[in-house]
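Here's the structure, in C-alpha cells; my notes come after.
Residue numbers begin at 1 in each chain, while the letters A, B, ... track the order of the sequences.
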Protein chains: 2
Amino acid sequence: MFDGIRQYYQELIPKLSDEEWLQLENRLVIESYPKGSLICREGENCKGVYYIHKGLARLYYTVDGREICTGFAKEGEYLSEYDSFLTQSPASQSMDVLEDTIAINLPYEKMQDLYRNYPIFNQAGRKIAEGLFILISRYNTRLLTLSPEDRYQYIIDNQYHLIQRVPQYMLASFIGISPEHLSRIRKKMIR
Amino acid sequence: MFDGIRQYYQELIPKLSDEEWLQLENRLVIESYPKGSLICREGENCKGVYYIHKGLARLYYTVDGREICTGFAKEGEYLSEYDSFLTQSPASQSMDVLEDTIAINLPYEKMQDLYRNYPIFNQAGRKIAEGLFILISRYNTRLLTLSPEDRYQYIIDNQYHLIQRVPQYMLASFIGISPEHLSRIRKKMIR
DNA sequence: CTTTTCCATTAACATATATCAAGAAGCCAA
DNA sequence: TTGGCTTCTTGATATATGTTAATGGAAAAG
C-alpha cells in the first residue's frame with residue numbers, strides 16, 4: 001500500500017533511514033472517496049497532502065457557479081490545495097474525485113510534527129514545494145504564452161491520460177476556454 | 001548591507017546560529033545593475049536568487065516580440081526565474097531592472113553547497129519555495145477568477161507602489177490585458 | 001532650453017472567444 | 001429495452017478585448 005509513497009520519499013531523501021520512514025508511515029491516513037465526492041471544499045482549510053493510490057482527483061475554482069479546473073492527479077501523483085494547506089486558511093479551490101479513489105493523506109499537524117522531530121523531512125518538504133512551484137509555474141507559462149489550440153496540443157502530447165479520463169468540458173476550463181470553443185478547436189485539428 | 005537578508009533568514013530559521021549565518025553571508029554576491037539592464041536573459045540558465053537591496057526588478061515573458069510581466073520585486077523582496085534556477089535549465093522568462101538596482105545574489109552552486117554542508121538551510125529553502133508557491137498560486141487565482149477591472153483594483157489596494165513605479169503598459173500585461181484596455185478601465189473607474 | 005523619446009489617451013474598427021439554444025450521441029440505471 | 005442524464009457538437013449571435021493609428025504631454029537626453 002505504501003510502496004509508492006516510500007519510493008517517492010526515498011528519491012527526495014536518498015539517505016532516509018528505516019526508522020524515519022516508519023515515523024512517516026505511522027502518520028499516513030488511508031482514505032476512500034467514491035466517485036464525485038469532495039476531498040476538500042472551497043472555504044474550508046485543506047486538511048492534508050494527498051497521494052493518489054488509485055483513482056483520479058481534481059482541483060478547481062468555482063466562479064459564478066462555473067467550475068475552472070487547474071489540476072488533476074492520477075495514481076502515483078500528489079494533490080493538495082497547497083496554499084490553504086500551508087497557511088491553514090480557507091481554500092479558494094475545491095478538490096473532488098472523478099473516479100472511485102483511494103488517497104493516502106499526510107495531515108497538516110502530522111507533517112509539522114515530522115518537521116519538528118525529524119528535521120531531515122525539511123529536505124523532502126523543500127523538494128515537494130519546489131516541485132509544486134515548477135508545476136504551477138509551467139502551467140502559468142502555457143496559459144500566458146500559448147494559444148488555446150497549442151495548450152490543447154500540449155495535453156495531447158504530454159498528458160494524454162487526461163484526454164482519456166477527464167470529460168472534455170473540464171479540459172476546456174483547464175486550458176482556459178469554453179467547452180464549445182474546445183469542440184471547435186478539435187474539429188479544426190482533425191482536418 | 002546584509003541586514004535585511006539576515007533578518008529574513010532569521011525569520012525562516014529562528015535558531016540560525018552566527019556560524020551558520022556567516023557561512024551564508026560568505027556566499028552572497030553583491031551585484032549592481034543600471035536601469036534597463038538584464039539580470040537574466042530568457043534561454044539562459046538563471047544564475048541565482050536575487051535579494052533586491054535597492055531598486056526595482058521585473059520578471060517577464062517575451063511572446064511574439066511583446067513583453068508579458070509576471071512579477072516585480074522592490075527593496076527587501078526576492079526575485080528569481082525560480083524554475084530555471086532550480087532545474088538549471090533555460091529560462092522561459094527574462095529579468096531586468098526598471099531602476100538602478102543593487103541586488104544580492106545567492107548563486108546556485110553556493111546554495112547547493114549550503115544544503116549539503118548545513119542541512120538546516122533546507123528549512124529555509126523549504127519556506128522560500130513554499131512562499132514562492134503561494135505567491136504564484138494567488139497570482140494565478142486572480143488571473144482566473146477576477147475580472148480585469150478587479151485585478152487592477154487589487155493592485156491599487158495591495159501593491160500600490162507598483163502603480164507609482166511601474167509604467168502603466170507593464171501593469172497592463174501584468175494583469176493580462178492590453179495597455180489601451182487598461183487606460184479605458186482607469187477612465188471608467190475614475191467616474 | 002530644445003529635441004527626442006517614451007508613454008498614456010482616445011477613437012474607429014477588427015476579431016477571437018463566449019453565450020445561447022437546439023439537437024445528437026453516448027452512457028447509465030431501472 | 002427504455003428512458004433519462006450527461007456530454008459533445010453545431011449554428012447564430014453577442015461582446016469583451018485587441019489592434020491600429022493619431023494626438024498630446026511628460027520625461028529624458030543632449
For B:Q23, the option from B:E20, B:E19, B:E25 that meets side chain to side chain contact (heavy atoms under 4.5 Å, CB included) | B:E19
Let me know, please, whether B:K35 or B:S178 comes out on the 5' side of the other along DNA chain D by nearest nucleotide.
-> B:S178
Grab the NE2-C1' distance between A:H181 and D:dA14 for me, whole Å please.
-> 16 Å
Reckon A:I177 touches a base, only the sugar-phosphate, or nothing at all at heavy-atom distances under 4.0 Å?
-> sugar-phosphate
Starting from C1' on C:dA22, measure out to CD on A:E180 and report it in whole angstrom.
-> 12 Å
Between A:E77 and A:K74, is there a salt bridge with N-O shorter than 4.0 Å?
-> yes
Describe the nucleic acid contact of A:P148 in one word from base, sugar-phosphate, nothing, applying a heavy-atom distance below 4.0 Å.
-> sugar-phosphate
To the nearest angstrom, the CE-P distance between A:M170 and D:dT6 comes to 12 Å
Provide, to the nearest angstrom, the distance between the NZ atom belonging to B:K187 and the P atom belonging to C:dA11.
-> 5 Å
Whole-Å gap separating P (C:dA18) and CD1 (A:I175) = 10 Å
B:D157 and B:Q153: CA distance, side-chain angles, deciding distance, side-chain hydrogen bond (donor to acceptor under 3.5 Å, both in side chains) verdict = CA-CA 6 Å; B:D157 295 340; B:Q153 188 63 52; 3.0 Å; yes
Do the side-chain N or O atoms of A:R186 get closer than 4.0 angstrom to the phosphate oxygens (OP1, OP2) of D:dC8?
-> no
Describe, in one word, how the ring planes of B:F174 and B:Y139 are oriented to each other, choosing from parallel (under 30°), tilted (30 to 60°) and perpendicular (over 60°).
-> parallel
To the nearest angstrom, the CG-P distance between B:L182 and C:dC7 comes to 14 Å
Counting only side-chain N and O atoms of A:Q168, is one of them less than 4.0 Å from OP1 or OP2 of D:dT6?
-> no
Taken to the nearest whole Å, CZ/B:R184 to P/D:dT20 is 13 Å
Within the modelled atom types, does a donor on one side and an acceptor on the other bring the side chain of B:R66 and the base of D:dG18 under 3.5 Å apart?
-> no
Please state how far atom CG in B:D64 lies from atom P in D:dG18, giving the value in whole angstrom units.
-> 14 Å
Side-chain H-bond candidate by donor/acceptor type, A:T141 with B:Y61, under 3.5 Å = yes
Examine C:dT9: is either OP1 or OP2 under 4.0 Å from a nitrogen or oxygen in the side chain of B:K188? Give yes or no.
-> no
